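Below is one structure, written out as structure tokens, with a few remarks after it.
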Amino acid sequence: YFGNLDLGVELGRYGEFRAGVYRGYIDGVLATGSELENRQNFHLGGFRSTLIIDQLDDPGFPSRGIRFIAQYDAVLDAFGSENNFQRIYGSYHEFGSWGHNTMFFQVTGGAKIGRDLPIYLQLSIGPEFSLSGYEPDALRGQYLGIARVGYFRRFSVLPAVMGSELYMGGFVETGNSFLDLNEFEIDDQIYTANIFFGMDTFLGPLFIGYGAADTGKDAFYLRLGHFL
């Protein structure tokens with residue numbers, strides 16, 4: 001379970017800032033190895049603040065604008081956690097269009113602050129829009145970084161009862177997660193490619209696609225939700 005209480009302020013038409021506290025409980029299952037030393041249940045509690053600058057013209061299939069997110073997370077024993085940990089996360093997205101064509105660029109990064117994060121708090125990557133071909137949480141570490149560049153085109157429209165427009169596109173990515181910055185080497189970067197078909201339906205953006213990595217990982221996916 002997990003619960004949080006936030007307070008925030010709108011930054012005019014530019015975005016928002018919010019901060020608050022949270023409490024939770026993790027009931028984990030150890031699938032392999034002995035990382036958790038046969039203990040998979042943990043209490044969580046702490047403080048989190050988030051700054052969002054959102055200038056995109058459409059949350060589903062943006063054609064122009066930027067979106068920036070910066071987040072600070074402090075897991076604190078005063079709120080019931082096992083110990084004190086800190087981490088930061090950030091992402092930047094930019095879109096630009098001409099006619100029915102859209103190019104986009106995105107970077108995402110995160111890092112611990114101070115002591116090492118336990119495995120259940122480590123920064124993870126792997127869903128369909130974060131290193132294609134990898135399952136969610138397939139890669140974990142104390143640090144992570146991903147960069148991607150891509151393109152999509154609006155090529156048709158849906159029947160009015162289903163939604164509005166149809167898109168096709170793709171992108172390439174590079175990135176990885178690391179337990180130690182001293183481990184970082186260019187040769188350790190993972191490179192991936194993704195192609196997708198998108199529909200702006202009355203339920204929200206729907207994506208059907210295929211992603212593959214140079215490590216041999218690949219996956220087909222179906223996703224209902226925003227592009228970012």
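Quick caveat, the model's predicted, so the values are computed rather than measured. Quick note: residue numbers are just sequence positions, from 1.
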Under a 3.5 Å distance rule, please check whether R115 uses its side chain to pair with a backbone N or O of N84 as donor and acceptor.
yes

Within 45 degrees of the axis of the six-membered ring of Y167 and under 6.0 Å from its centre: does R153 put its NZ or CZ there?
no

If only side-chain N and O atoms count, and only distance matters, is there a donor-acceptor pair under 3.5 Å linking D73 with Y89?
no

Sub-3.5 Å donor-acceptor pair from the side chain of Q71 to the main-chain atoms of L51, do we have one?
no

Would you say the side-chain atoms of N194 and Y221 include a donor-acceptor pair closer than 3.5 Å?
yes

Distance-only, no hydrogens or angles: does the E165 side chain make a donor-acceptor pair with backbone N or O of F61 under 3.5 Å?
no

So, applying side-chain contact (heavy atoms from CB on, under 4.5 Å) with D214, which one of T192, T174, I190 is it?
I190

Donor-acceptor check, side chain of S132 to backbone of G211, threshold 3.5 angstrom: yes or no?
no

Measuring centre to centre across the rings, with the benzene-like ring taken for any Trp, is Y92 within less than 6.0 Å of F68?
no

Pair T108-S91, side-chain donor/acceptor within less than 3.5 Å:
no

Counting only N and O atoms by type, is there a donor-acceptor contact under 3.5 Å from the side chain of D6 to the main-chain atoms of R18?
no

Check for me whether the distance between the ring centres of F197 and F152 falls short of 6.0 Å.
no

For L56, does its backbone N or O pair with a side-chain atom of D54 as donor and acceptor, under 3.5 Å?
yes

